[in-house]
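Note sheet for the following structure.
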2 protein chains.
Amino acid sequence: MERIERIAQLYPTIIRVMGRIRSVVHEGMDLSYNQYKMLLTIYDKGSCPLNQLARELQIAMSSASEMVERLVTQGFVLRTVDEENRRQVTISVTGRGEALIRELQQGIVENYRALLGRLADDEQEELVRALETLAEILGKL
Amino acid sequence: MERIERIAQLYPTIIRVMGRIRSVVHEGMDLSYNQYKMLLTIYDKGSCPLNQLARELQIAMSSASEMVERLVTQGFVLRTVDEENRRQVTISVTGRGEALIRELQQGIVENYRALLGRLADDEQEELVRALETLAEILGKL
DNA sequence: GTCTAATATTTAGGAGACCGAATTGTTCGG
DNA sequence: CCGAACAATTCGGTCTCCTAAATATTAGAC
């Protein structure tokens with residue numbers, strides 16, 4: 001089979017498998033994966049206006065606004081009107097949010113450890129290399 | 001950084017990038033990716049009772065039923081009551097559905113070609129190898 | 001043979017993640 | 001000061017997914 005066809009064939013399988021693994025890893029956590037990703041993005045930047053957050057996560061502003069709303073409701077994040085430019089809202093992580101991030105980060109790594117522990121040492125090593133290659137090459141697209 | 005931590009770090013990035021690429025590839029198609037996947041699954045088995053379809057796609061039967069409903073509405077798929085066991089419904093692809101599959105399969109491969117064409121030859125080769133490694137190793141989990 | 005338990009599906013109700021369009025509030029340039 | 005541009009939100013809609021309840025059908029116990 002031709003290379004491109006082979007990729008087209010492998011691609012959906014891998015997305016499905018990776019998605020399933022991710023949902024196993026995030027199973028029972030207090031935040032959906034998407035909410036966690038958003039929380040982390042805000043945290044990494046210290047604080048962040050909504051429009052930037054939407055751009056970063058590559059979603060529509062209306063979607064970002066909704067998700068922020070869910071995080072606000074749960075008390076993990078705070079909305080503050082920017083006094084320099086009162087049109088703009090700055091989102092920042094609360095203490096509770098930070099605590100959750102620490103907890104989840106740990107839990108997630110542990111779940112990966114439990115899952116990947118089933119693999120032989122050299123398989124783990126191969127996995128890392130494959131993921132790194134993928135990140136590098138796909139990043140160019 | 002420890003290996004597992006490195007994987008935990010790479011994993012979400014890759015899922016995100018792969019998801020974005022997939023949505024580019026499926027952009028403007030007449031079927032969402034999930035509906036396409038379902039249609040293909042039915043097609044590959046010739047026809048398929050709903051419960052098997054749900055098991056195959058790893059979704060709840062109610063979800064499968066809904067998705068089938070959408071495909072029926074669009075005329076790509078047919079529901080038939082199994083006369084051997086009238087509780088069971090068999091799903092099969094219509095002529096229109098088959099035509100769509102052919103059209104999409106071609107379009108998808110072409111979109112992958114256009115996208116991956118930006119990569120150098122040896123990068124494409126590396127990509128195939130990485131995807132194959134991934135499929136093999138993650139399949140064990 | 002009838003009646004209950006199991007099986008297959010659908011329907012109902014609900015949530016999250018997404019979108020585009022319309023709306024509200026704010027600021028800035030003319 | 002007023003309209004254009006900008007930032008965010010609200011609104012209405014779709015899709016995917018779930019659990020629980022309702023509906024049919026069948027098989028097995030008695």
Side-chain angles (χ1 to χ4, degrees), chain A residues 12 15-16 19-20 22-24 26-42 47-74 76-92, chain B residues 12 15-16 19-20 22-24 26-42 47-74 76-92:
Chain A
I15 289 197
R16 201 183 61 235
R20 221 183 50 224
R22 186 182 66 189
S23 71
V24 168
H26 282 261
E27 173 110 28
M29 304 254 159
D30 288 345
L31 224 47
S32 81
Y33 172 72
N34 285 312
Q35 285 176 22
Y36 171 63
K37 190 172 69 176
M38 174 173 266
L39 189 59
L40 255 194
T41 306
I42 300 162
S47 72
C48 176
L50 189 71
N51 58 1
Q52 196 186 330
L53 191 54
R55 213 176 320 123
E56 202 93 10
L57 298 174
Q58 305 195 64
I59 56 178
M61 245 185 22
S62 57
S63 308
S65 182
E66 271 173 19
M67 284 180 72
V68 165
E69 181 56 31
R70 279 191 280 274
L71 289 176
V72 167
T73 305
Q74 295 170 93
F76 299 131
V77 123
L78 220 63
R79 258 193 271 245
T80 334
V81 173
D82 181 350
E83 285 305 327
E84 304 279 287
N85 178 354
R86 295 184 45 75
R87 284 170 292 189
Q88 197 161 288
V89 169
T90 302
I91 322 293
S92 52
Chain B
I15 289 198
R16 202 183 61 235
R20 221 183 51 225
R22 187 181 65 188
S23 71
V24 168
H26 284 261
E27 172 111 28
M29 303 253 160
D30 289 344
L31 227 46
S32 81
Y33 172 71
N34 285 313
Q35 284 175 17
Y36 171 63
K37 191 172 66 177
M38 174 173 268
L39 189 60
L40 255 194
T41 305
I42 300 162
S47 71
C48 175
L50 190 71
N51 59 0
Q52 197 185 330
L53 192 54
R55 212 176 320 123
E56 202 94 9
L57 299 173
Q58 305 195 63
I59 57 179
M61 244 183 23
S62 59
S63 309
S65 182
E66 273 174 15
M67 285 179 72
V68 165
E69 181 54 33
R70 280 190 281 273
L71 289 176
V72 168
T73 306
Q74 294 170 93
F76 298 131
V77 124
L78 219 64
R79 259 193 270 245
T80 334
V81 172
D82 181 350
E83 285 305 326
E84 304 280 287
N85 178 354
R86 295 186 44 75
R87 284 170 293 189
Q88 198 160 289
V89 168
T90 302
I91 323 292
S92 52

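Here is how names work: the chains are called A, B, and so on, in the same order as the sequence lines, proteins then strands, and each is numbered from 1.
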[X] [atom1] - [N] [atom2] separation (whole Å):
X	N	atom1	atom2	answer
A:Asn34	C:dA15	CG	C1'	13 Å
A:Leu53	D:dT9	CG	P	11 Å
A:Leu57	C:dG16	CG	C1'	15 Å
B:Tyr33	D:dC17	OH	C1'	16 Å
A:Asp82	C:dG25	CG	P	19 Å
A:Arg55	D:dA8	CZ	C1'	14 Å
B:Gln74	D:dC15	CD	C1'	11 Å
B:Arg70	C:dT11	CZ	P	13 Å

Kindly give the heavy-atom pair with the smallest separation between [X] and [Y], and that separation in Å.
X	Y	value
B:Leu31	B:Phe76	CD1-CE1, 3.7 Å
A:Ser92	A:Ile42	CA-CG2, 3.9 Å
A:Ala54	A:Met61	CB-CG, 3.7 Å

At under 4.0 Å, does any side-chain N or O of [X] touch on OP1 or OP2 of [N]?
X	N	answer
B:Ser63	D:dC18	yes
A:Ser65	D:dT9	yes
A:Asn51	D:dA8	yes
B:Arg79	C:dT10	yes
A:Gln88	C:dG25	no

Worksheet item: Do B:Thr41 side-chain atoms and B:Lys37 backbone N/O form a donor-acceptor pair below 3.5 Å?
Response: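 Looks like yes, one N/O pair under 3.5 Å.
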Discussion item. Whether the side chain of B:Ser63 engages the backbone of B:Ile59 through a donor-acceptor N/O pair (distance < 3.5 Å, no angle test) should be reported.
Written reply: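 Not a single qualifying donor-acceptor pair exists.
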Discussion item. Please compare A:Leu50 and B:Gln58 by the position of their nearest nucleotide in DNA chain D and report the one closer to 5'.
Written reply: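 It is A:Leu50, whose closest nucleotide lies nearer the 5' terminus.
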Worksheet item: Relative to the 5' end of DNA chain C, which residue comes earlier, A:Ala64 or B:Val68, by the nucleotide with the nearest heavy atom?
Response: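 It is B:Val68 whose nearest nucleotide is closer to the 5' end.
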Item to complete: Using the closest heavy atom to pick a nucleotide of DNA chain C for each, name whichever of A:Ile59 or A:Glu84 lands nearer the 5' end.
Response: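 The residue mapped nearer the 5' terminus is A:Ile59.
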Practice prompt. Report yes or no: is there a donor-acceptor pair, N or O only, under 3.5 Å between the side chain of B:Glu66 and the base of D:dC18?
Written response: yes
Worksheet item: So does B:Ser62 reach the base of D:dT19 with its side chain, donor to acceptor, closer than 3.5 Å?
Response: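 Yes, the side chain and the base share a sub-3.5 Å donor-acceptor pair.
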If you only use heavy atoms from C-beta on, which nucleotide in [options] is closest to the side chain of [X]?
X	options	answer
B:Arg87	C:dA8, C:dC19, D:dA8	C:dA8
B:Arg86	D:dT16, D:dC18, D:dT26	D:dT26
B:Met61	C:dG20, C:dT10, D:dT25	C:dT10
A:Met67	C:dG16, D:dT16, C:dC18	C:dC18

Item to complete: Using a heavy-atom cut-off of under 4.0 Å over every strand shown, decide if B:Ala60 touches base, sugar-phosphate, or nothing.
Response: base
Worksheet item: With a 4.5 Å heavy-atom cut-off, do B:Ser23 and B:Tyr33 have their side chains touching?
Response: no
